[in-house]
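By convention here, the first residue in the shown sequence is residue 1.
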Amino acid sequence: MKSKTNNLDVYIKISITIGVLVLSFSIAYYLIIFLPQKERIRVEKEKQIQLVKEKETSEKEAKERENELQVKITKCFEDGKKFHKEYVDSNKGYYFEPKYNYNKKIEKCLYSGGYGDSLVHSWKEANSGNNHWDRIVKDVYTNEMVLYASDFYNTEEIEEFWKEHNELMSN
């Protein structure tokens, strides 16, 4: 009978040892493999959600900036027309056709215009010394002179003026 009891004790000990080992491996798997993998998946999901939110916010901000720009452009055009009227009222002579532009690069509302003592029909007439004329680009809101030319006779000066003028008056 002792041998049956010993055998039974051995089986019970082996069963308990196997049970403890299975339980230990289960706990180790849960702590070492399952939980970290679950955490990585959760963190990745949060990153994806954050990226979607940032993209939506970025698109919304870009749309708001575009709307603000359109408001600035419209207001610049209206204020430029008022500026031109005041400019015409303050000078006498022939007026060059005005242009208005909100320059995004320098963030200024610009007016391009100018005047001459008389209507000049030819380059020779313009260079005769009998006429005076000014070409200007001004900030509509500060009245700051951004670009100015007056009675130039040099082709290089003219080209340089128009190059700068066109850069300022286009976006």
Side-chain angles (χ1 to χ4, degrees), residues 31 33-171:
L31 294 174
I33 297 173
F34 180 76
L35 281 181
Q37 184 177 7
K38 185 177 178 182
E39 182 64 17
R40 276 193 304 273
I41 291 171
R42 186 189 65 77
V43 167
E44 186 62 34
K45 190 175 183 180
E46 285 178 2
K47 283 181 184 177
Q48 293 295 332
I49 290 169
Q50 184 65 28
L51 287 173
V52 168
K53 286 180 181 178
E54 287 174 3
K55 183 178 178 186
E56 289 172 352
T57 302
S58 173
E59 289 172 355
K60 184 179 177 183
E61 289 173 353
K63 190 172 184 177
E64 287 174 359
R65 282 192 303 274
E66 184 62 31
N67 289 341
E68 289 174 7
L69 180 61
Q70 287 303 321
V71 168
K72 288 178 180 179
I73 289 169
T74 301
K75 183 165 177 23
C76 177
F77 184 77
E78 292 168 0
D79 293 342
K81 287 164 63 173
K82 292 175 190 172
F83 186 90
H84 177 67
K85 182 174 179 347
E86 291 172 8
Y87 182 73
V88 167
D89 290 346
S90 68
N91 294 298
K92 294 187 172 141
Y94 169 76
Y95 295 91
F96 298 111
E97 183 177 339
K99 291 184 180 180
Y100 320 103
N101 181 49
Y102 181 79
N103 188 301
K104 295 182 280 192
K105 190 175 184 180
I106 60 174
E107 297 182 345
K108 291 186 177 189
C109 178
L110 301 176
Y111 163 81
S112 168
Y115 74 96
D117 288 338
S118 62
L119 182 57
V120 178
H121 296 287
S122 69
W123 178 251
K124 184 177 179 183
E125 195 177 355
N127 291 322
S128 68
N130 297 328
N131 298 298
H132 171 78
W133 55 270
D134 290 326
R135 287 299 310 221
I136 62 166
V137 176
K138 283 189 166 191
D139 182 325
V140 169
Y141 300 120
T142 65
N143 202 27
E144 171 193 357
M145 187 71 69
V146 177
L147 186 63
Y148 175 77
S150 176
D151 293 333
F152 50 74
Y153 304 109
N154 181 323
T155 305
E156 291 170 3
E157 289 177 40
I158 295 169
E159 288 174 357
E160 183 62 30
F161 171 84
W162 286 112
K163 180 182 174 191
E164 279 187 65
H165 176 274
N166 293 336
E167 286 175 11
L168 287 169
M169 298 308 290
S170 64
N171 287 327

Partners passing salt bridge (Lys or Arg N to Asp or Glu O under 4.0 Å) against [X] (at least two apart in sequence or in another chain):
| X | value |
| --- | --- |
| E39 | R42 |
| K72 | none |
| K108 | E144 |

(request) With sequence neighbours excluded, tell me which residues meet ring-ring contact (aromatic ring centres under 6.0 Å, His included) with Y141. (result)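 Residues passing ring-ring contact (aromatic ring centres under 6.0 Å, His included) with Y141: none at all.
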(message) Taking ring-ring contact (aromatic ring centres under 6.0 Å, His included) as the definition, give me every residue that meets it alongside H84, ordered by chain and number, with sequence neighbours left out.
(response)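 Per chain and number, H84 pairs via ring-ring contact (aromatic ring centres under 6.0 Å, His included) with Y111.
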(request) Not counting sequence neighbours, list each pair that qualifies as a ring-ring contact (aromatic ring centres under 6.0 Å, His included) and has a residue in residues 52-78. (result)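 Qualifying pairs: F77-Y100.
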(request) Only pairs at least two apart or in different chains count here, so list each ring-ring contact (aromatic ring centres under 6.0 Å, His included) that has a residue in residues 38-65. (result)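 ring-ring contact (aromatic ring centres under 6.0 Å, His included) check on residues 38-65 returns no pairs.
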Residues forming a side chain to side chain contact (heavy atoms under 4.5 Å, CB included) with [X], sequence neighbours excluded:
| X | result |
| --- | --- |
| E107 | Y102 |
| K105 | N103 |
| S170 | none |
| E66 | L69, Q70 |

(request) Apply the test side-chain contact (heavy atoms from CB on, under 4.5 Å) to residues E97 and S112: give CA-CA distance (whole Å), side-chain angles for both, the deciding distance (0.1 Å), then the verdict. (result) CA-CA 8 Å; E97 183 177 339; S112 168; over 6 Å; no
(request) Classify the angle between the aromatic ring planes of Y87 and F83 as parallel (below 30°), tilted (30 to 60°) or perpendicular (above 60°). (result)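 Ring orientation of Y87 relative to F83: parallel.
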(request) Give me the one residue out of R40, E46, K47 that meets side-chain contact (heavy atoms from CB on, under 4.5 Å) with E44. (result)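 Testing E44 for a side-chain contact (heavy atoms from CB on, under 4.5 Å) against R40, E46, K47 leaves exactly one candidate, K47.
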Roughly how far apart are [X] [atom1] and [Y] [atom2], rounded to 0.5 Å?
| X | Y | atom1 | atom2 | result |
| --- | --- | --- | --- | --- |
| K38 | I41 | NZ | CD1 | 9.5 Å |
| E68 | E61 | CD | CD | 10.5 Å |
| E64 | T57 | CD | OG1 | 10.0 Å |

Provide the closest heavy-atom pair for [X] versus [Y] in the form atom of the first, atom of the second, distance.
| X | Y | result |
| --- | --- | --- |
| H165 | V137 | CD2-CG2, 3.6 Å |
| M169 | K99 | CE-O, 3.6 Å |
| V146 | L110 | CG2-CD2, 3.9 Å |

(message) Considering only residues two or more places apart or on different chains, which pairs with a residue in residues 51-60 satisfy salt bridge (Lys or Arg N to Asp or Glu O under 4.0 Å)?
(response)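 For residues 51-60, and leaving out neighbouring residues, there are no salt bridge (Lys or Arg N to Asp or Glu O under 4.0 Å) pairs at all.
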